[in-house]
Number of protein chains: 2
Amino acid sequence: MTQTNSDGAVPPDSEIARNASRHPIEDIADEMGLDETDLDRRGDGVAKLTWEAIRRQRNEPADGTLVLVTAMTPTQRGAGKTVTTIGLGQALARQGESSVVAIREPSQGPVFGIKGGAAGGGYSQVLPMEEINLHFTGDIHAVTAAHNLVAAMIDAERTHDDELGIEPDSVVWNRALDVNDRALREIVVGLGGKVNGPPREDSFLISAASELMAVLCLATDIPDLEDRIARILVAYDTDGEPITIADLDCVGAVTALLKDALRPNLVQTLEGTPAFVHGGPFANIATGTNSILANQLGLRLGDYLVTEAGFGADLGAEKFVNIVARNGPAPDVAVVVATVDALVKHGEAMLERQQRIQQADDDAGENHVAVVRAGCENLDHHVDNLRAMGLPVIVAVNRFPDDTDEEVRAVLEHCDQRDVPAAVSTVHRDGGAGGLELAERVRDAAESGVTSLRHSYDPSMPIDEKIRAIATQVYGADDVEFTPQARDDIETLTALGLDDLSVCLSKTPASLSDDPDEAGVPFGWELTVRELYPSAGAGFVVALTGDVLTMPGLPADPAATDIEVDDDGTVRGLE
Amino acid sequence: MTQTNSDGAVPPDSEIARNASRHPIEDIADEMGLDETDLDRRGDGVAKLTWEAIRRQRNEPADGTLVLVTAMTPTQRGAGKTVTTIGLGQALARQGESSVVAIREPSQGPVFGIKGGAAGGGYSQVLPMEEINLHFTGDIHAVTAAHNLVAAMIDAERTHDDELGIEPDSVVWNRALDVNDRALREIVVGLGGKVNGPPREDSFLISAASELMAVLCLATDIPDLEDRIARILVAYDTDGEPITIADLDCVGAVTALLKDALRPNLVQTLEGTPAFVHGGPFANIATGTNSILANQLGLRLGDYLVTEAGFGADLGAEKFVNIVARNGPAPDVAVVVATVDALVKHGEAMLERQQRIQQADDDAGENHVAVVRAGCENLDHHVDNLRAMGLPVIVAVNRFPDDTDEEVRAVLEHCDQRDVPAAVSTVHRDGGAGGLELAERVRDAAESGVTSLRHSYDPSMPIDEKIRAIATQVYGADDVEFTPQARDDIETLTALGLDDLSVCLSKTPASLSDDPDEAGVPFGWELTVRELYPSAGAGFVVALTGDVLTMPGLPADPAATDIEVDDDGTVRGLE
């Protein structure tokens, strides 16, 4: 049962998680039609599915409904997609549907950095929260190990005979660690003389940003994993020809390190709904959503598979439709999470642009209804995009404790006027009970069967045209400007025959445009593409529109300093 | 059943492991008096013990016999200590004893580098061999993650306000990865401007060399782990005062990352003998043996706990007696593994020194009996040392396929003349059946009850005297020479109040002396101590007598290139 403290506040996540009663994982599996032998146990309440179970499911029809939870352009506070995803899964289960939740694995970087845990929150969490937020089943560690083995192979090749003729400045494969560590962003390796060298500039990225993580989330079996690993481009030789992991002769070793990580991890939500927590790629330079294998299994084992994609719908949902759905199951229904916090931010920007108010601060502390209404334009943009992609869309207003009734009502009225089904969600405070109306809307949409997915581009289009399609149709840009570097990169990628891949656009999540300071719905702007590079194993070309930080840093007062362990092993301070 | 190929050779390790029938891990636990709820399952055939099971065992008497398997000065080929340890455990079980094996967790560095797997070999292996050699239960990954979190905290402190006043050149805490990667031995971090810096010289060590790994193997519960972590010295401030992990305010976070890794991992040998595979510290700058917790559990749950310590007895057994046994259970019986290969190497050196032969090569391809006899002097040195430490000693001649009967007989005769119990071991080829005579000798020694452990020094002695005691009594040096740097270091350590710790001497394993080219028993030499540093969390002072490579490199043709994965996930080439 959910309960609030004497002051009406929801207790800390870790307290809720600690006091939760968990079903044996065999019972969760049993509800899904799996038996004990299908489980490879990984600690209390956690199991990887066996290959036999995964293979057996291949023969079952994947006839469940895939619900993709995405968001309007979020603020720093976050929209609450993970909480909504878990809460919606719980709500569907309360309504008698067999629902399965699928989310990403938390990275230790943010857990010990700014963000804290990533296993949901309040009464919509996945359990065991502590294990999921720490090493869990070691999948991310496996990516780290595999990534760094490839790096060591590259430099060992350079130290020894270098038969591959690696051009030192062309090494695009860096090193990886699952930690927020700014000191590793730019480094020099191979110092100390001939035996360690030759030296070169290098960098570490956080493991979630490794192409191997993207590959893990897109591969559907071991041969597919192996093929993708083999294709990954790590450097160029002195003639400018690409060097791949296959050339390094360690595809088998890398596959051996990742084969168990490829199997989805089964856990449960606070209300006993089955949940796959599996994979965790970046949402800007990669797909930002959990593994295809987890989605496939959920759609075969349940009637509803609720999953999420990172950032706002312009990034996460676009990539889901144009990349993920080309490699695996496509969404049937989209849920766009809106928050009063985000609506106010975007509304202020819109009103300011319209000069209706002088200073955004004027409204501080007051009822923000007018601002909220103005902010709905950002929400509408995302809703319209998703409808244009052929998806039925539901708006979920993720209500925070400080939101007023008037603010929330304003959003619902706005959606009603535009004929967009909407529901308030209080799943953080109330668990599945706070998502019943949302679940109802989702079921209505699913049963209407109007989904007819339309991709934003055809992969056979030239790279610049594919980018233009996303920029104009999804972001609302007038056009795209390519820097000379970007033009060169497109030429190189085309010469390498990689021009028929999907495009993974890396853009700020804070704005629909490429300028993080432009809230609301920016207009009359051009997207600037600065640089492109191939993720040939993942099967897409990454186009950068700004600086991407692939290695976060620790803040002055990191979350790590709040964590304590009791003598019995209980961890405190992990929120 | 053991079986050999048509040519009489033992099949590859991975083939034997793959064809082995494994008991359910619950049955293995049951034999030890543990029940299913004491196990925290980590994949098929692997379990961590729960804290409840570990705590319950605290109340049981630790009355088993601890058998420490060590070796004469080994060659590059290795003496086969792990194989002997596992085989002896199996042999004792065949004789009706309840025996438990405890060994270290394999590091991925050597697995993909030169050495290959480290889960025993032939018919004396631990299972599941593939999992144990890859990520296993993630303990080493946990050490990597914890180690690098501390490093990130140090540099974040430097980037932000640096209230601790860290002197950049004094940072002694580096970074860690479980990979052989020479390019990471000497690096520069923090480049790219103020936001990433300030820059400084840094290095990566392989995770097994992390002080956190040493701490994990010495700590006996969570409070002890936490205390040791807090004491670890990471840098000095501008006044020369030490900065610890406690000062960085992340003791709780590091403990949270290591708390599960502290719990021993239960697996089984090929013959179903219970085995703990837990921890894996370096044998030169640390203790080189598995965790104390695993030993304690084995001694409570079984009549015999067979374990091993790294390198020859001058290093591994000395550290076990003088460091490990001061923090946990002490050995009751020592087994010294001898090989004809090593005896020939040392014999040649002895004969050459005595000018009885002109060229060692003269004997190549011939019967090496005379050389083997001469080489016994090295073996005797180790046997005498262990006897001086109060331990009953058994020599195990680990027979290789190319050893002749005459050579093996020569060793047995030599031991017989010196009244040292000895037995031939063929546990690689024959499993436990090849170690029955050895087991018999071990049981005789255990039942004789003559053990009366004598440490080589008292920790209250001055640091230089402790080193002199090891050098003269154990290595056979005439005296010890301290470089000016070493003298300075001793002064600093004494000023810091760390002079009452044990001493962990780092010396080449290839010779009894500090010169790796001096085989046999060198005489008339002085040990040169170059540098000292504290491992305050582990509780010892490390004294370096030569260069220590804490980050191995990959060879020109690494083991990684031999590994393949079948479509069903079976790994091949992991030997």
K.L.:
Side chain, backbone, both or neither: which part of Asp568(A) has a non-hydrogen atom closer than 4.5 Å to chain B?
P.N.:
both

K.L.:
May I ask you to name which of Asp44(B), Val571(B), Leu184(B) has the most heavy-atom pairs under 4.5 Å with chain A?
P.N.:
Leu184(B)

K.L.:
Let me know if Pro198(A) has heavy atoms under 4.5 Å from chain B in its side chain, its backbone, both or neither.
P.N.:
neither

K.L.:
Just so I know, are the side chains of Ile229(B) and Leu258(B) near enough to count as touching, which here means a heavy-atom distance under 4.5 Å?
P.N.:
yes

K.L.:
Would you mind telling me which of Gly569(B), Gly573(B), Pro558(B) has the largest number of heavy-atom pairs within less than 4.5 Å of chain A?
P.N.:
Gly569(B)

K.L.:
Heavy-atom distances under 4.5 Å only: say whether Leu177(B) touches chain A with side chain, backbone, both or neither.
P.N.:
side chain

K.L.:
Is Asp249(A) close to chain B through its backbone or its side chain, or both, or neither, when contacts mean heavy atoms under 4.5 Å?
P.N.:
both

K.L.:
Verify, without hydrogens or angle tests, whether Glu52(B) (side chain) and Asp38(B) (backbone) share a donor-acceptor contact under 3.5 angstrom.
P.N.:
no

K.L.:
Please classify the contact between Asp178(A) and chain B as side chain, backbone, both or neither, with a heavy-atom cut-off of under 4.5 Å.
P.N.:
neither

K.L.:
If you compare all heavy atoms of Ile166(A) against all heavy atoms of Ala235(A), which two are closest, and at what distance to 0.1 Å?
P.N.:
CG2-CB, 4.1 Å

K.L.:
Side chain, backbone, both or neither: which part of Thr255(A) has an atom under 4.5 Å from a heavy atom of chain B?
P.N.:
both

K.L.:
Which answer fits Asp566(A), side chain, backbone, both or neither, if we ask what part of it has an atom under 4.5 Å from a heavy atom of chain B?
P.N.:
backbone

K.L.:
So which heavy atom on Ser107(B) is nearest to which on Ile140(B), and how close?
P.N.:
CA-CD1, 4.0 Å

K.L.:
Can you check side chain to side chain contact (heavy atoms under 4.5 Å, CB included) on Leu164(B) and Leu248(B), steps first, answer last?
P.N.:
CA-CA 8 Å; Leu164(B) 297 175; Leu248(B) 294 172; 3.8 Å; yes

K.L.:
Side chain, backbone, both or neither: which part of Arg200(A) has an atom under 4.5 Å from a heavy atom of chain B?
P.N.:
neither

K.L.:
Check whether any side-chain N or O of Arg158(B) sits under 3.5 Å from a backbone N or O of Gly197(B) as a donor-acceptor pair, and report yes or no.
P.N.:
no

K.L.:
In terms of heavy-atom proximity below 4.5 Å to chain B, should Leu257(A) be classed as side chain, backbone, both, or neither?
P.N.:
both

K.L.:
Quick one: closest heavy-atom pair of Asn174(A) and Ser203(A), and the distance?
P.N.:
CB-O, 2.8 Å

K.L.:
Do the charged groups of Arg41(B) and Glu36(B) touch, with an N to O distance under 4.0 Å?
P.N.:
no

K.L.:
If you tally heavy-atom pairs under 4.5 Å against chain B, which of Cys250(A), Ala183(A), Gly252(A) wins?
P.N.:
Ala183(A)

K.L.:
Using a strict 4.0 Å threshold on nitrogen-to-oxygen distance, state whether Asp567(B) and Arg55(A) make a salt bridge.
P.N.:
no

K.L.:
Between chain A and each of Glu226(B), Gln108(B), His135(B), Glu131(B), count heavy-atom pairs under 4.5 Å; write down the option with the most.
P.N.:
His135(B)

K.L.:
Can you tell which part of Pro555(B) gets under 4.5 Å to a heavy atom of chain A, answering side chain, backbone, both or neither?
P.N.:
backbone

K.L.:
Charged N to carboxylate O under 4.0 angstrom, Arg263(A) versus Asp40(A)?
P.N.:
yes

K.L.:
Go through the atoms of His141(A) and report whether side chain, backbone, both or neither lie under 4.5 Å from a heavy atom of chain B.
P.N.:
both

K.L.:
Top residue by heavy-atom pair count (under 4.5 Å) with chain A, among Val565(B), Asn148(B), Leu39(B), Leu225(B)?
P.N.:
Val565(B)

K.L.:
Given heavy-atom pairs under 4.5 angstrom as the criterion, report whether the side chain, backbone, both or neither of Glu130(A) touches chain B.
P.N.:
side chain

K.L.:
Where on Asp155(B) is there a heavy atom nearer than 4.5 Å to chain A: the side chain, the backbone, both, or neither?
P.N.:
side chain

K.L.:
Where on Leu134(B) is there a heavy atom nearer than 4.5 Å to chain A: the side chain, the backbone, both, or neither?
P.N.:
side chain

K.L.:
Do Asp224(A) and Arg228(A) have side chains that get closer than 4.5 Å, going by heavy atoms?
P.N.:
yes

K.L.:
Arg572(A) versus chain B, heavy atoms under 4.5 Å apart: side chain, backbone, both or neither?
P.N.:
neither

K.L.:
Measure distances from Asn196(A) to the heavy atoms of chain B and classify the residue's part below 4.5 Å as side chain, backbone, both or neither.
P.N.:
both

K.L.:
Just do the side chain to side chain contact (heavy atoms under 4.5 Å, CB included) check on Leu191(A) and Glu201(B) with the steps written out, would you?
P.N.:
CA-CA 10 Å; Leu191(A) 297 170; Glu201(B) 290 178 29; over 6 Å; no

K.L.:
How far apart are the closest heavy atoms of Met129(A) and Ala17(A), and which atoms are they?
P.N.:
CB-CB, 3.7 Å

K.L.:
Are Arg58(A) and Asp221(A) close enough that some pair of their side-chain heavy atoms sits under 4.5 Å apart?
P.N.:
yes

K.L.:
With chain B, which of Ala142(A), Gly138(A), Ala47(A) has the greatest number of heavy-atom pairs at distances under 4.5 Å?
P.N.:
Ala142(A)

K.L.:
Taking atom CG as the centre, does Asp547(B) end up with more than 12 heavy-atom neighbours from other residues, nucleotides or ligands that are less than 6.0 angstrom away?
P.N.:
no

K.L.:
Identify which part of Val195(B) has an atom lying under 4.5 Å from any heavy atom of chain A, answering side chain, backbone, both or neither.
P.N.:
both

K.L.:
Where does Glu564(A) contact chain B at under 4.5 Å (heavy atoms): side chain, backbone, both or neither?
P.N.:
backbone

K.L.:
Can you tell which part of Met551(B) gets under 4.5 Å to a heavy atom of chain A, answering side chain, backbone, both or neither?
P.N.:
neither

K.L.:
I need the residue from Ile563(B), Val46(B), Ile154(B), Leu574(B) with the largest number of non-hydrogen atom pairs under 4.5 Å to chain A.
P.N.:
Ile563(B)

K.L.:
Quick one: what part of Val188(B) sits under 4.5 Å from any heavy atom of chain A, side chain, backbone, both or neither?
P.N.:
both

K.L.:
Write down the atom of Gly280(B), the atom of Met213(B), and the distance for their closest heavy-atom approach.
P.N.:
N-SD, 3.3 Å

K.L.:
For chain A, which candidate among Thr570(B), Leu262(B), Val251(B), Thr561(B) shows the most heavy-atom pairs at distances under 4.5 Å?
P.N.:
Thr561(B)

